[in-house]
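These notes concern the structure reproduced below.
Letters go in sequence order (proteins before strands), and every chain restarts at 1.
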Amino acid sequence: MEPLYDPAGVERRWQETWEAEGLYGAGAGRRRDQSFVICIPPPNVTGELHMGHALNGAMQDVLIRWHRMQGFDTLWQPGYDHAGISTQNVVEKQLVAEGTSRQEVGREAFVERTWDWLERTGRTIMGQYRRLGASVDYSRERFTMDDEYVRSVMTFFVRLWERGWIYRANRIVNWCPYHETAISDLEVEHVEKDDTLYRIVYPFAEGDGGLTIATVRPSTLLGDTGVAVHPDDPRYAHAVGREVIVPVVERRVPVVADVRVEPEFGTGAVKVTPGHDPMDFEIGRDHALQTLTVIGPDGRMVADGFEGLTQQEADERILAWLEERGRLESREPYRHSVGTCERCHSRIEPLVSPQWWCRMDELGAPAIEALRERRVRFHPESQHRFAIESLEQAPDWCVSRQLWWGHQIPVWTCENGHQVSAWPPPEACAQCGSGALERDPDVLDTWFSSALWPLATLGWPDETPELDRYYPGDVNVTAREIIRLWENRMIFSGLFLRGEVPFTDVIITSTILAADGRRMSKSLGTGIDPMEPIEAHGADATRYGLLKISSTQDVRYSVGAIEEGRKLANKLWNVARLILQQTEGVEPETRPSALEERWILARLDAARAAVEEAWSRFDFSAATSVLYHLTFDDFCDWYAEAVKSRLYDGDDDARSTALAALERLLALLHPLMPHVTEEIWSHLPDRRGRLIVAAWPEPDDAHADTLTALDRVQEAARVFRRSGVRVELEGEEEQRIFSAVVRPERQSAAGDAEAERERLRTEIGRAEGMLANERFVANAPAEVVEGERAKLERYRRELELLGA
RNA sequence: GGGCGGUUAGCUCAGCUGGUAGAGCGCCUGCCUUACACGCAGGUGGCCGCAGGUUCGAGUCCUGCACCGCCCACCA
């Protein structure tokens, strides 16, 4: 064992060994019947590991390893998401770069090409999880486009169809003109944009004058079928019920009154374009206005006389028309937020189109109930409330996408117009028997299949042994923005299909920001590849650092925290060297004969309890801190220093117990820093098994009475080191430990006794002041007052020793 | 426009049900003490965002304010 711990070779070796020996597999090392299950949030097949993955991977691995050591039948289920729009986007861009296009190659070839590409370059993340030391059951990797998985998705859809919860409706949706598909509200990203606000006069059809409306999109006026004002707006009371003429197209449209109009904004009169604006769509519907489509699926104009023009070209033509006639009252700069596609950043085009919808009322209700009853708990608590609210307010789910990469919707229409949904694909129409069936070309929303992840990965809808054993699972770890997209949908899907929630706890992780507080993003150049710190400092150090900074709020990335982890690994490595060098031929055995031995056993048990408590609360940061101080302060600086000379002297009790104590320390640290602990473990004498499946330390309060035994020694050490004054200690053992740890004969500097006296005088003054306050003595709890008296006593005693 | 969170040592952050401020890093001073200089010991450093209130006592509870984030939202 070299003095400097080098994680590079060690970590890879253990990662390969654990996996090769089947210790990552479901059920490895199980010693009890209970299961503990986590499904990895399936990353995009095309993606790479980022800090968020590394953090949530570290959290999940700590929980999995901890439960595995406790003997649970653990399963950490891995896999990938096909990520419909995202993957299609990547492949489409490749085609464009090659001078062709999706449309040109056709659907079948496009899908084939996507598969080819994934075979070659997809699925990189699981390799990176391996490098993190994530003890995932890699042999069970699933993909949402696997045949078996497809069958689950199709069955889910058919079940919903049979309940009558799937319907088709022509509504206004968020349309991405680049991908030419509908996307959900949740996939729209709002960004600030500088635009121009135009004020345009719409003359009354009868009589003089007109209404001035404000718009940033003149081209949409081609689709105007009304003008709306607020019913209580006195400025326009005279106009309601009359008609105005839409410029350019010279169409007569009614002026309607609607409360959705904001009188304060613009001119207080709004043009109504039901075909291209969500609010206008509703106003139009409620006032029986016509819906005209003037912009096509590709974002270009389809209005008469404007066919094929871009919107900007149409804008210019319309503005010129208006200016010629003096109908353009003004133009002013205007900054507002516009919806963009989160994948390609195209400006979203609200369009009316026929889509498949899933009713949410009956589907969502059991999930809301489960959350209220806390059968599923989100952590932190604020996210629990958010999850409930999101479900309560969830609009019907648009499940169709006009993409090619994904699960094609299992709905067929026969020649007589009957629709049937079934899986496997039906031979004939259920109503008329016709065999001429045509399948709906749309695919399902990616999240539709993700919703099934905890079930489909275990073989649902088949009654597999795995499903029986591992469903429902226990914990899910993910980011905040995924709650509505994924978490809630897994919950209602699990309840609908299986009658049970898929897990009991959802951990919402921090977003890791760059060190300067900005988001980590590729485009900003602020992203840091987790493989960097892993290569530089080790996976153990990286896990430690990420968990140390983790919190319930957003956190800034910190190399310092990772370096701290590296130091901890090195410290552990060296104290193990100390013990191992002095214990050749010795068996680990708990035989405490001296105070420092009983004390460290008590400290180890106290830390065990504290760590269990923190991990149970999913407070990974607190657990990290406990383990750090246990190792550095208790184990190395006090216990090891105190026992060192006895090890050198060949004290058998000291040697056996040192090995036993080291074993416990390694076990406690293993879930957090698996590699260095397993490596040291392998150097312990007569290793039969691996630490990864070794038993988690049992509670042991045999020496709890010694927990405070070193307090006096430590205080005496502080006084001596500060002042050079030696405090008399009662007890032979205490004196021995003091000498062994402090080694007063080596004290070089004399210490500043006067400074120490001054500090004590200040403390005494403060304590006396408090105790002189009769209201404090009367009202404060007895133990607080008592504590203050005790402190005062101690300060006075120490001052006396310093020869005040 | 709603909702949530934050503001504590130079930096990054802990501080649970109120008891008189902590950690790591940084900086300064000693130490190459036969496990570790990726170490040991000691030290410097804080009107706990601002203003009120409750209390014997307030980073900790209440009210208001000021900044800073994040999420959500149909203001043309």
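- Straight-line distance between the P atoms of U17(B) and C61(B): roughly 7 Å, to the nearest whole Å.
- Going from the P atom of C68(B) to that of C25(B) covers 33 Å, rounded to whole Å.
- Set against G39(B), C74(B), C56(B), the side chain of Lys567(A) has G39(B) as its closest nucleotide.
- The neighbour count for Glu332(A) CD, taken as heavy atoms of other residues, nucleotides or ligands under 6.0 Å away, is above 12.
- Using a 30° and 60° split on the angle between ring planes, Trp573(A) and His683(A) fall in the perpendicular class, above 60°.
- With both ends at atom P, the span from G10(B) to G49(B) equals 13 Å, rounded to whole Å.
- Closest to the side chain of Arg718(A), from the set A76(B), G42(B), C36(B), is G42(B).
- A salt bridge between Asp280(A) and Arg285(A) is absent, with no side-chain N of the basic residue lying under 4.0 Å from a carboxylate O of the acidic one.
- An anti base is found at G22(B): its glycosidic angle is more than 90° from 0.
- A sub-4.0 Å separation between OP1 or OP2 of C38(B) and a side-chain N or O of Lys571(A) is absent.
- When the P atom of U34(B) is taken as reference, atom CG of Leu580(A) falls 19 Å away, rounded to whole Å.
- Of the C1' atoms belonging to G5(B) and G57(B), the separation is 29 Å, rounded to the nearest Å.
- Of all nucleotides present, only G24(B) satisfies the Watson-Crick or G-U wobble test against C11(B), with each distance under 3.5 Å.
- The Ser382(A) side chain lies nearest to C4(B) when the options are C4(B), G42(B), C75(B).
- Checking G39(B), A76(B), A73(B) against every side-chain atom of Arg484(A), the shortest atom distance belongs to A73(B).
- Base contact: Glu262(A) has a heavy atom under 4.0 Å from a base atom.
- Side-chain atoms of Thr215(A) lie closest to A76(B) of the nucleotides C13(B), A76(B), G19(B).
- Out of C36(B), A41(B), U20(B), the shortest distance to the side chain of Asp637(A) is found at A41(B).
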Report task. Dump the intermediate steps for salt bridge (charged side-chain N to carboxylate O under 4.0 Å, His left out) on Glu793(A) and Arg789(A), then the final yes or no. Result -> CA-CA 6 Å; Glu793(A) 283 299 304; Arg789(A) 287 214 173 94; over 6 Å; no
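- The aromatic rings of Tyr628(A) and Phe632(A) lie parallel to each other, their planes meeting at an angle below 30°, with 60° marking the opposite boundary.
- Considering only the side chain of His190(A), A73(B) comes nearest among A35(B), A73(B), C56(B).
- Taking atom CG on Leu485(A) and atom C1' on C72(B), their separation rounds to 13 Å, with Å as the unit.
- Atom C1' of U29(B) sits at a distance of 42 Å from the matching atom of C56(B), rounded to the whole Å.
- The 12-atom threshold is not exceeded at CD of Glu774(A), counting heavy atoms of other residues, nucleotides or ligands nearer than 6.0 Å.
- Checking A35(B), C13(B), A76(B) against every side-chain atom of Arg556(A), the shortest atom distance belongs to C13(B).
- With P as the reference atom, A14(B) and U7(B) are 7 Å apart, rounded to whole Å.
- Pairing for G49(B) is with C65(B), a Watson-Crick or G-U wobble pair whose two hydrogen-bonding atom distances lie under 3.5 Å.
- Under the 6.0 Å cut-off for aromatic ring centres, His336(A) and Tyr334(A) qualify, their centroids lying closer than that.
- One P atom belongs to G22(B), the other to G45(B), and the distance between them is 14 Å to the nearest Å.
- Donor-acceptor pairing under 3.5 Å, judged by distance alone, is present between the side chain of Glu641(A) and the base of A35(B).
- Comparing G42(B), U34(B), C75(B) against the side chain of Arg721(A) picks out G42(B) as the nearest.
- Distance noted for atom P between G26(B) and C65(B): 42 Å (whole Å).
- When each of G43(B), A76(B), C56(B) is scored by its nearest atom to the side-chain atoms of Phe265(A), the top-ranked nucleotide is A76(B).
- If you check G18(B) for Watson-Crick or wobble pairing at under 3.5 angstrom, you find it has no partner at all.
- The base of C71(B) has none of its N or O atoms less than 3.5 Å from a complementary donor or acceptor on the side chain of Arg480(A).
- For A76(B), neither phosphate oxygen OP1 nor OP2 lies less than 4.0 angstrom from any side-chain nitrogen or oxygen of Thr267(A).
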